[in-house]
Peer 1: 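Here's a structure for you.
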Amino acid sequence: MSYLSLSFALIFVLIPLLLSKTLKLGLEKDTIIATIRSIIQLLAVGYILHFVFETESYMFMLLMVTVMIGAATQNARKKGSVIKGITWKVAVTLLFIEVLTQGILLGFNITPPTAQYIIPISGMVIGNSMVLAILFLNRFSAEVEARQEETELILSLGGTPKQAIRTQLITSIKASMIPTIESQKTIGLVQLPGMMSGQIIGGADPIQAVQFQLLILFLLLTTAAVTSIMLGSLSYPSLFNQRMQLVRVR
């Protein structure tokens, strides 16, 4: 695809701009900012990846993964501001997910240890984990706030913090995992996933594209489960003081 052809794709930006203007949605500024940022960020990443792929330096690969985790952490932490130390908890969760998934992929020789595989897969795993962390923290914060009296009642009857917060945890974990599970039930019927579509457009054999897409789907299942459960386990103790009393949130 040439830059001229790509420029014609801006028609797909003009359509929502015109609709927003016509219906007075007030989304014109955000749409323009999002478009400009996406162009700059993706082109910059494209040139960086071109350099990293050529050098095949593990130092640069590690640096890129670190930047991904840092950016994802800063984005996800905003939804858990009521939880003390949420920044390092999100960072540890994302780092664990990255080490776990890459350890399995490389350890079992599922994918080769090259930048061409490590960086794109890491991006998908970390990005998905970030979204799941946001979904979990958003729901967990709401559940804790809505059920404060219930939690305090369980504590007053001799329950432990884990027992008092269990319902909120389970509800939040399930809510964050459901989108991943439900989307995989209709995969291939309702939509062709991004990685598979990209490989097919690039000329890859459809069967090979399906195999790689299945790999990503299985990775995302692990990401969904581990992210929600680990982040929940790290987060809930911060809601209680040393006397096992719930810290009021709002």
Side-chain angles (χ1 to χ4, degrees), residues 1 38 41-76 90-136 176-177 179-231:
M1 179 183 291
S38 64
Q41 290 169 186
L42 286 176
L43 284 176
V45 169
Y47 284 113
I48 291 172
L49 288 177
H50 180 75
F51 170 75
V52 173
F53 288 171
E54 283 191 339
T55 59
E56 284 290 348
S57 170
Y58 286 104
M59 182 183 71
F60 288 123
M61 280 190 271
L62 181 61
L63 180 61
M64 284 208 67
V65 171
T66 302
V67 170
M68 290 177 188
I69 292 176
T73 299
Q74 287 302 313
N75 193 38
V90 172
V92 167
T93 300
L94 296 179
L95 178 61
F96 179 80
I97 287 292
E98 171 66 8
V99 172
L100 174 65
T101 54
Q102 288 296 337
I104 293 173
L105 289 173
L106 300 178
F108 286 92
N109 201 30
I110 299 173
T111 56
T114 61
Q116 182 182 356
Y117 289 90
I118 292 176
I119 293 177
I121 291 176
S122 294
M124 284 183 275
V125 169
I126 295 170
N128 190 70
S129 186
M130 177 193 70
V131 172
L132 286 160
I134 291 172
L135 290 174
F136 171 80
S176 61
M177 289 182 62
T180 300
I181 296 173
E182 290 301 319
S183 67
Q184 293 196 15
K185 288 181 180 179
T186 57
I187 208 78
L189 297 176
V190 177
Q191 64 170 334
L192 293 180
M195 185 177 187
M196 176 180 168
S197 300
Q199 285 194 318
I200 292 174
I201 292 173
D205 177 67
I207 300 301
Q208 185 180 44
V210 167
Q211 291 174 337
F212 274 103
Q213 187 61 60
L214 286 173
L215 167 63
I216 298 303
L217 292 180
F218 299 156
L219 276 177
L220 297 187
L221 275 177
T222 289
T223 301
V226 176
T227 298
S228 303
I229 294 171
M230 183 174 178
L231 190 55

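Excluded from the calculations below are hydrogen atoms, water molecules and symmetry mates; all remaining heavy atoms, backbone and side chain alike, are included.
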Peer 1: Test side-chain contact (heavy atoms from CB on, under 4.5 Å) on Q211 and L215 and set out the steps.
Peer 2: CA-CA 6 Å; Q211 291 174 337; L215 167 63; over 6 Å; no
Peer 1: Of the non-hydrogen atoms in L106 and P113, which two are nearest, and what is the gap between them?
Peer 2: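 In this case the closest contact between L106 and P113 is CD2-CA, 3.7 Å.
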Peer 1: Which heavy atom in M230 sits nearest to a heavy atom in F96, and how many Å separate them?
Peer 2: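 Closest pair (atom of M230, atom of F96, distance): SD-CD2, 3.6 Å.
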Peer 1: Taking all heavy atoms of T114 and all of M61, pick out the closest pair and write down the distance.
Peer 2: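 Taking every non-hydrogen atom into account, C-SD, 4.0 Å.
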Peer 1: Nearest heavy-atom pair of P120 and A115: which atoms, and what distance?
Peer 2: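 Nearest heavy atoms, P120 then A115: CD-O, 3.4 Å.
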Peer 1: Which value, rounded to the nearest 0.5 Å, describes the distance between Y47 atom OH and L43 atom CG?
Peer 2: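 Interatomic distance, Y47 OH to L43 CG, rounded to 0.5 Å: 6.5 Å.
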Peer 1: Nearest 0.5 Å, what's the CD-NZ distance between E182 and K185?
Peer 2: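 Reported to 0.5 Å precision, the distance equals 4.0 Å.
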Peer 1: Among residues two or more places apart or on two chains, list those pairs meeting side-chain hydrogen bond (donor to acceptor under 3.5 Å, both in side chains) that have a residue in residues 97-113.
Peer 2: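 Of all non-adjacent pairs touching residues 97-113, those that pass side-chain hydrogen bond (donor to acceptor under 3.5 Å, both in side chains) are E98-S122, Q102-S122.
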Peer 1: Where do L135 and P179 come nearest, in terms of heavy atoms and distance?
Peer 2: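 Closest approach of L135 to P179: CD1-CG, 4.3 Å.
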Peer 1: Quick one: pull up CE in M130 and CD1 in I69 and give me the separation to the nearest 0.5 Å.
Peer 2: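 With rounding to 0.5 Å, CE (M130) is 12.5 Å from CD1 (I69).
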Peer 1: Side chains of M64 and V52, heavy atoms from C-beta outward: is any pair under 4.5 Å?
Peer 2: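 Yes, side chains in contact.
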Peer 1: Identify the two heavy atoms, one from A133 and one from L231, that lie closest to each other, and give their separation to 0.1 Å.
Peer 2: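 A133 and L231 have their closest heavy atoms at CB-CD2, 3.8 Å.
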Peer 1: Roughly how far, to the nearest 0.5 Å, is the CD1 atom of I216 from the CG atom of L221?
Peer 2: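 These two atoms lie 12.0 Å from each other.
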Peer 1: Report the residue from V65, T73, I97 that forms a side chain to side chain contact (heavy atoms under 4.5 Å, CB included) with I126.
Peer 2: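 Passing option: V65.
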Peer 1: Do any pairs count as a side-chain hydrogen bond (donor to acceptor under 3.5 Å, both in side chains) and have a residue in residues 216-229, sequence neighbours left out, and if so which ones?
Peer 2: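 For residues 216-229: S129-T227, S176-S228.
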Peer 1: I'd like to know whether L219 forms a side-chain contact (heavy atoms from CB on, under 4.5 Å) with N128, so could you lay out the CA-CA distance, the side-chain angles of the two residues, the decisive distance to 0.1 Å, and finally the verdict.
Peer 2: CA-CA 10 Å; L219 276 177; N128 190 70; over 6 Å; no
